[in-house]
Amino acid sequence: MNSFSRRRFLGVLGGGIAVAALAGCSTHQPGGASSGSSGAGDLSSNKVGAMDAFAADAQFKATAPLDFGMMMLNNPNYPYKANWEFFTDLKQMTNVSVSATTIPQSDYPTKVGVMVGAGDAPAIIPKTYHPAEQAYISSGAILAVSDYLDLMPNLTATVQNWNLDSDLDTLRGPDGKFYLLPGLHENVWVDYSIAVRSDILQKHGIDVPGTWDEFTTMLQALKTAYPSLYPFSDRWSSTQPGPGANSLLATLGNAYNTHAGWNYQHQTWDASQGQFVYTGATDDYKAMVTLLNSWVNQKLLDPASFTQSDAQAEQKFADSQSFVISANAQEVVNTYEKDLTGVAGATVLKIPVPIGPAGAVNIGSRIECGVMISSSARKSPNFVAMMQFLDWLYYSEAGKMYAKWGVQGQTYTGSVDDGTFKLAPDVNWGGLNPSGTKQLNVDYGFFNGVFAYGGSSNLLNSQFPPAEQVFQKVMNQRKTLPLDPPAPFDDQQQQQTTLWATALLDSVNQNTLKFILGQRPLSEWDQYVSELGGLNSKQYIDAVNQAYQTYKKAHG
Amino acid sequence: MVAVSETGVAPVGAPVVRRRIQTSRGYRVFQVVNALILTAVMVITLYPFINLLAQSFSAQGAIAAGRVNLIPKGFNLTTYKTVMADPTFWENYRNTVVYTVVATLIAMVLTTCYAYVLSKKNVKGRGFLIGIAVFTMFFNGGLIPNYVLVNDLGLRNSIWAIVLPNAISVFNLLVMKAFFESLPGELEEAAMVDGLNTYGILWRIVLPLSKAVLATMVLFYAVTFWNSWFSAFLYMDNNSMFPVTVYLRNLIAGATGGTDQSASGDTALQVAANIQAVTIVLTVIPILSIYPFIQRYFVSGVMLGAVKG
């Protein structure tokens, strides 16, 4: 009897909890009301503090003191301070103060997810990487910002001037809207390439390679000079979704007209057929894998490149156990050159990305991370002012310059457009002015990843040391290829393809590695392709092509 | 070595006789092998910590080149000075101490009271009380509902968001209950005859007899709260309220950047390895210095409730 009543109690308790949870689901949909509406709707009650004559390149200043809630990613390299000059000057300029919810960088997306999911997020949610925002769309927690572009003259002017429409299209969902205000670049910013020990090349009279064929020749020459070493030992293996050495694969993928490494995506646009094809099964992908396999066979590329930690790869490079490693601008300055200070005469050069079968092209999006807006902000009387404020800060020339370099005459002098830009004598950032005693980000709060996104090529170049500017100049002369057309999944397609995607990705990654390392002969390529078929690669691509057609019909 | 008789006392004037238990050859081999294995385990356990200690006194360049093992290379105290000069570090450190002390105190009071009630077989509704505790071991509301609850109770951005939801660990509760059950009931009956009420019995009879389990529970709770970071991370919106574990976690995450492809270059910055090492050492020191003194209770505590007669 006793145990019966206990069970009954637990049953009732469990049932009660389930009912409460379901009830919670149905009643607690944060900001759900505004998400389904089309267009901006009536904004007359949301204009408190807004400027009547706000236009592109005009200075934004709220007509009444305003305060906006904002998530603040706390970077351990420059921990957040509420009294940064960035905030005090911003208040003077725009009449806006910011109430920050400080979130450690280590787990930023987790807390954003919880706060947005709980309907408790501040109005402004920066530092969101596409497609992270898509997880919140169906709950209606975030705003379809594309409905409010008329409030943002700087953004619309930038899109028009830099011809960014096709880049913006990549953000759009099946409803044709986008939910993220992205950072916008004037040009494709190529940061990742390969670093080589230029002193070693010079010592043995080896030329800096311009193409991947010459790159192979360089590796062979290094191998001849140092027969016991692997000249190339690579890093960045822990980053999803690639199988290892993900930066190298991504760079090579671009050169071979395909997607690989951390740029891997299941579909690749085939312009000649006018449809998408499955990336891991294409001839271009095979050609890339074949090249890597030949490097491993000739012992030019360390097989550990695909598994070792970054620190291990860096150590080999620092100990002159290898001479070639993947790189970005920061890593060259902050890691490789620093680690090699003990080696007399050692110099590091980040070479322009070698050219492959795709030709001298840049591939990539001109969009970086962006800002989400909570749906609840739409109901605020200050909504219009907030959008104007964001437009000024993130998209106007003056706003971008302020967020990045601070105040002219105080933290910097000159202009980025005519090349006269210089940091003030006492200010340093990223080693640009080593004699400066104050750090632009730590002490002033400028050049903060939360506020400084995108910008013109001139603005971007101003942050680079001379060697990197040379690299950027070479890369900017290359032709930028158009992006793949948009093919956004609807919810059902999303769910279905997600089920297929994991098994497909695992198979592509495993076999890519096996082919490269010679554990599976390349003669079995066709068998591998049919294995992919067994894992629904065709169904996946059919879904993508269907989504593409649907979007094309609806939105042109 | 002092010779002893079988009774353990050397009789006065008796000739000194060495007696010891004859150990078989196999047992001696076992002892040597055992000692070797345990030494190896100790080395494996100790090595990372000594390496960390060495890194904390070393120069960044030496660490990056992988030259630091057990002995610091490029010995310096600059990193210690730098880390210790950061006011946020100390502020967060103080938070950790406060959170740990308050949370442990409250957790001890609540767990003891609850466990004592559960140990009384004649309490009405005992099964129900055990049931709702054990239920939470297997089911919970999930991340977002918990967040909504804590938020709606107005606990966010206060110490209570860390203390209250974690005040009773069901595992600790059951261990304590088992211990209380193993105390002889006659003691409490005698105390009752002498006129003590329930609270008096708990306070004057049961608790003084339960020092081992109390010490163990304090250690369990204190270590858990000292190491915990997620509650604080979730419910605190301000740097000045974080415990040092969140500070540390963020610092270490800062060293694994560089994979962020599209950021404007700033997330690729790395926190130097020696700064990480120093911070870890400073954070571990208090637990490390308390542990040896409570360790004997810890060992006996782990056995609590394991055997019941």
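Every chain is numbered from 1, with letters handed out A, B, ... down the list of sequences.
Across I325(A) and A313(A), no two heavy atoms sit closer than the pair CD1-O, 3.8 Å.
There is no contact between K338(A) and chain B, counting heavy-atom distances below 4.5 Å. Within the 4.5 angstrom heavy-atom criterion, atoms from both the backbone and the side chain of T101(A) approach chain B. Within the 4.5 angstrom heavy-atom criterion, only backbone atoms of A100(A) (N, CA, C, O) approach chain B.
Taking the side chain as every heavy atom from C-beta outward, W236(A) and N328(A) approach each other to under 4.5 Å.
With sequence neighbours excluded, the residues forming a side chain to side chain donor-acceptor pair (under 3.5 Å) with E468(A) are K350(A), Q472(A), listed by chain and number. The side chain to side chain donor-acceptor pair (under 3.5 Å) test applied to Q312(A) returns S309(A), not counting sequence neighbours. The salt bridge (charged side-chain N to carboxylate O under 4.0 Å, His left out) check on K73(B) picks up nothing, with sequence neighbours excluded.
Along residues 232-246 of chain B, the residues that come nearer than 4.5 angstrom to chain A, judged on non-hydrogen atoms, are F233(B), L234(B), Y235(B), M236(B), D237(B), N238(B), N239(B), F242(B), V246(B) in order of number.
Although no hydrogens or angles enter the test, the distance criterion places a donor-acceptor pair under 3.5 Å between the side chain of N250(B) and the main chain of S106(A). Under the 3.5 Å distance criterion, the side-chain polar atoms of Q55(B) are left unmatched by any main-chain donor or acceptor of A277(B).
When the candidates N74(A), T110(A), D107(A) are compared by the number of heavy-atom contacts under 4.5 Å with chain B, D107(A) comes out ahead.
Just one of V43(B), L70(B), I71(B) meets the side chain to side chain contact (heavy atoms under 4.5 Å, CB included) condition when paired with I50(B); it is L70(B).
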